[in-house]
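A, B, ... follow the sequence lines: proteins, then strands. Residue 1 opens every chain.
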Amino acid sequence: MPELPEVETSRRGIEPHILSQTITDAIIRQKKLRWPIPLSLKNNLPGNQITSVARRGKYLLLNTNTGTVIIHLGMSGSLHIINNQTPAEKHDHFEIIFANGKSLRLRDPRRFGAVLWTRKNPLTHKLIEKLGPEPLDTQFNTDYLYQSSRNKKTSIKTFIMNSHIVVGVGNIYANEALFLAGIHPKRLAGRISQARYELLVNAIKSVLTSAIQQGGTSLRDFTNQDGKPGYFKQHLNVYGKADLPCSHCGQKIKQIRQQQRSTYYCSHCQS
DNA sequence: TTAATCACCTGAGGGC
DNA sequence: TGCCCTCAGGTGATTA
């Protein structure tokens, strides 16, 4: 399930293959993703060159001469660089074909992803303009998170997963960061001290940096652009470890539901 | 205005 | 072996 490290891994993987390449065609096999893929892409993309491959939060931005393709991988999306003669697989919904014979394919079994097109600055797109800071930027710091949390009556886990507060912290890394910071996931965001927010900010930055370095987390749905899994799963402390002993104290990891999401924590190490 | 819930979707895995 | 059910979850829209 792509979170920020998986999206960044994908960006780094596809960039050398498509940067400065000229698009010859775009194929929409299944337009029904989270939002319909605009059919205008078939006319808008051919003849364009990829000028940069950027990322904002979990959105990939393929910038071209005349506009930007915005891609979100949703729950199960992945991008693949392949020879354009390779037969499409069942869930290959969208494809950009390049003059060098390569293709960029979006595979997304659950179809929670999105492919959009804008001719404006993509950072002003309605899905992107209100996003919070990047977690690895200096703008995301203790003061920012502490001040943002004042008077908030929601749980800390829900709070840090809100993309308008900080982008890219999904369920896996929210669980892991709260464990590293020693904060109980149900504690109210507005009732946490600045000192504990410092621990949390450092934990978020640490867990995301490690995951990016290791190519993301390999769970059921994620592989990188080569079809290979990520390796961060080997370093998870609590996610998916219900009833297993805590790596720090040995007590059983607990599992609860928050906001329709599984939450894992150690009741001894997190308070 | 804020917080909680719903809806979208399909593959994996477990039980029978 | 095959069918059915539950679970997984990012995020905008809707509801309270």
Peer 1: Counting heavy atoms from C-beta on, name the nucleotide in C:dG12, C:dA8, C:dT11 closest to the side chain of A:Y264.
Peer 2: C:dA8
Peer 1: With respect to the phosphate group of B:dC9, does any side-chain polar atom (N or O) of A:S76 fall under 4.0 Å of OP1 or OP2?
Peer 2: no
Peer 1: As an exercise, state the distance from CZ of A:F112 to CG of A:L33, rounded to the nearest 0.5 Å.
Peer 2: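 Atom-to-atom, A:F112:CZ and A:L33:CG are 11.5 Å apart.
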Peer 1: Please work out if A:K130 contacts a base, only the sugar-phosphate, or nothing of the nucleic acid, heavy-atom cut-off 4.0 Å.
Peer 2: nothing
Peer 1: Please give, in whole Å, the distance from B:dT1 P to A:N162 CG?
Peer 2: 16 Å
Peer 1: Taking the side chain of A:R110 as heavy atoms from C-beta outward, which of C:dG12, C:dA8, B:dA3 is closest to it?
Peer 2: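 Nearest listed nucleotide: C:dA8.
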Peer 1: Round to the nearest Å and state the distance from A:I160 atom CD1 to C:dG10 atom P.
Peer 2: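 Whole-Å distance recorded here is 12 Å.
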Peer 1: May I ask you to list the residues of residues 112-121 of chain A, by number, that have any heavy atom positioned under 4.0 Å from an atom of DNA chain C?
Peer 2: A:F112
Peer 1: Looking only at side-chain atoms of A:K152, point me to the closest of C:dT11, B:dA3, B:dC6.
Peer 2: B:dA3
Peer 1: Hey, what do you get for CD1 (A:I23) to OG1 (A:T64), rounding to the nearest 0.5 Å?
Peer 2: 6.0 Å
Peer 1: Taking only the side-chain heavy atoms of A:Y239 (C-beta and beyond), determine which of C:dG10, B:dA7, C:dG9 contains the nearest atom.
Peer 2: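 Nearest listed nucleotide: C:dG9.
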Peer 1: Treating A:E8 as the side-chain partner and A:I212 as the backbone partner, does any N or O pair qualify as donor plus acceptor under 3.5 Å?
Peer 2: no
Peer 1: From the options B:dC8, B:dG11, B:dA4, select the nucleotide whose nearest atom is closest to the side chain of A:R34.
Peer 2: B:dC8
Peer 1: With respect to the phosphate group of B:dG11, does any side-chain polar atom (N or O) of A:R107 fall under 4.0 Å of OP1 or OP2?
Peer 2: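 Answer no for this pair, as no side-chain N or O of A:R107 is under 4.0 Å from OP1 or OP2.
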Peer 1: Could you check how far CD of A:Q258 sits from C1' of C:dT11, rounded to whole Å?
Peer 2: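 So the CD-C1' distance, A:Q258 to C:dT11, works out to 17 Å.
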Peer 1: By the 4.0 Å heavy-atom rule, please label A:Q255 as base, sugar-phosphate, or nothing.
Peer 2: sugar-phosphate
Peer 1: Can you check the A:M75 CE to B:dG11 P distance for me, whole Å?
Peer 2: 14 Å
Peer 1: Please classify the nucleic acid contact of A:Y59 as base, sugar-phosphate, or nothing, using heavy-atom distances under 4.0 Å.
Peer 2: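 Sugar-phosphate, no base atom in range.
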Peer 1: Nearest nucleotide by nearest heavy atom, which residue falls closer to the 5' end of DNA chain B, A:N151 or A:L33?
Peer 2: A:N151
Peer 1: Do you know the tightest heavy-atom contact between A:N171 and A:S262?
Peer 2: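 Nearest heavy atoms, A:N171 then A:S262: ND2-O, 3.0 Å.
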Peer 1: C:dA8 C1' sits how many Å from A:N171 CG, rounded?
Peer 2: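 Interatomic distance, CG of A:N171 to C1' of C:dA8: 10 Å.
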Peer 1: With no hydrogens and no angle check, do the side chains of A:S206 and A:T209 hold a donor and an acceptor under 3.5 Å apart?
Peer 2: no
Peer 1: If you pin A:K153 and A:R111 to their nearest nucleotides in DNA chain B, which one's is more 5'?
Peer 2: A:K153
Peer 1: Ignoring hydrogens and geometry, is there a side-chain-to-backbone donor-acceptor pair from A:R107 to A:K90 under 3.5 Å?
Peer 2: no
Peer 1: Whole angstrom is fine here: how far is it from CD1 in A:I128 over to P in C:dT11?
Peer 2: 11 Å
Peer 1: Give a yes/no answer on whether the side chain of A:H91 brings an N or O atom under 4.0 Å of OP1 or OP2 in B:dG11.
Peer 2: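 Looking at the OP1 and OP2 atoms of B:dG11, one of them is under 4.0 Å from a side-chain N or O of A:H91.
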Peer 1: So if I take the C1' atoms of five pairs at each end of the helix from B:dT2-C:dA16 to B:dC16-C:dG2 and get each local axis, what angle do the two axes make, rounded to 10 degrees?
Peer 2: 50°
Peer 1: What does A:S262 touch in the nucleic acid at a heavy-atom separation under 4.0 angstrom: a base, only the sugar-phosphate, or nothing?
Peer 2: sugar-phosphate
Peer 1: If I take atom OH in residue A:Y173 and atom C1' in nucleotide C:dG9, what distance separates them, rounded to the nearest angstrom?
Peer 2: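 Atom OH in A:Y173 sits about 14 Å away from atom C1' in C:dG9.
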Peer 1: Main chain of A:Y144, side chain of A:N141: is a donor-acceptor contact present, judged purely on distance under 3.5 Å?
Peer 2: yes
Peer 1: With a 3.5 Å cut-off and no angle check, do the side chains of A:Q258 and A:S155 form a donor-acceptor pair?
Peer 2: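 The answer is yes; a qualifying pair exists.
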Peer 1: So, under a plain 3.5 Å distance rule, would you say the side chain of A:R261 forms a donor-acceptor pair with the base of C:dA8?
Peer 2: no
Peer 1: Is NZ or CZ of A:R55 both nearer than 6.0 Å to the six-membered ring centre of A:Y59 and within 45° of the ring axis?
Peer 2: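 No, cation not above the ring by the 6.0 Å, 45° rule.
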Peer 1: Can you see if the side chain of A:K32 gets near the phosphate of B:dC8 - specifically, an N or O under 4.0 Å from OP1 or OP2?
Peer 2: no
Peer 1: Could you see if A:L199 belongs to whatever hydrophobic cluster contains A:I160? Use Ile, Leu, Val, Met, Phe, Trp, Tyr and a side-chain cutoff under 4.5 Å.
Peer 2: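 No, A:L199 and A:I160 fall in different hydrophobic clusters.
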Peer 1: Could you tell me the separation between the CD atom of A:Q260 and the C1' atom of B:dA7, rounded to a whole number of Å?
Peer 2: 9 Å
Peer 1: Could you list all the ring-ring contact (aromatic ring centres under 6.0 Å, His included) pairs where at least one residue sits in residues 18-58 of chain A, not counting sequence neighbours?
Peer 2: none
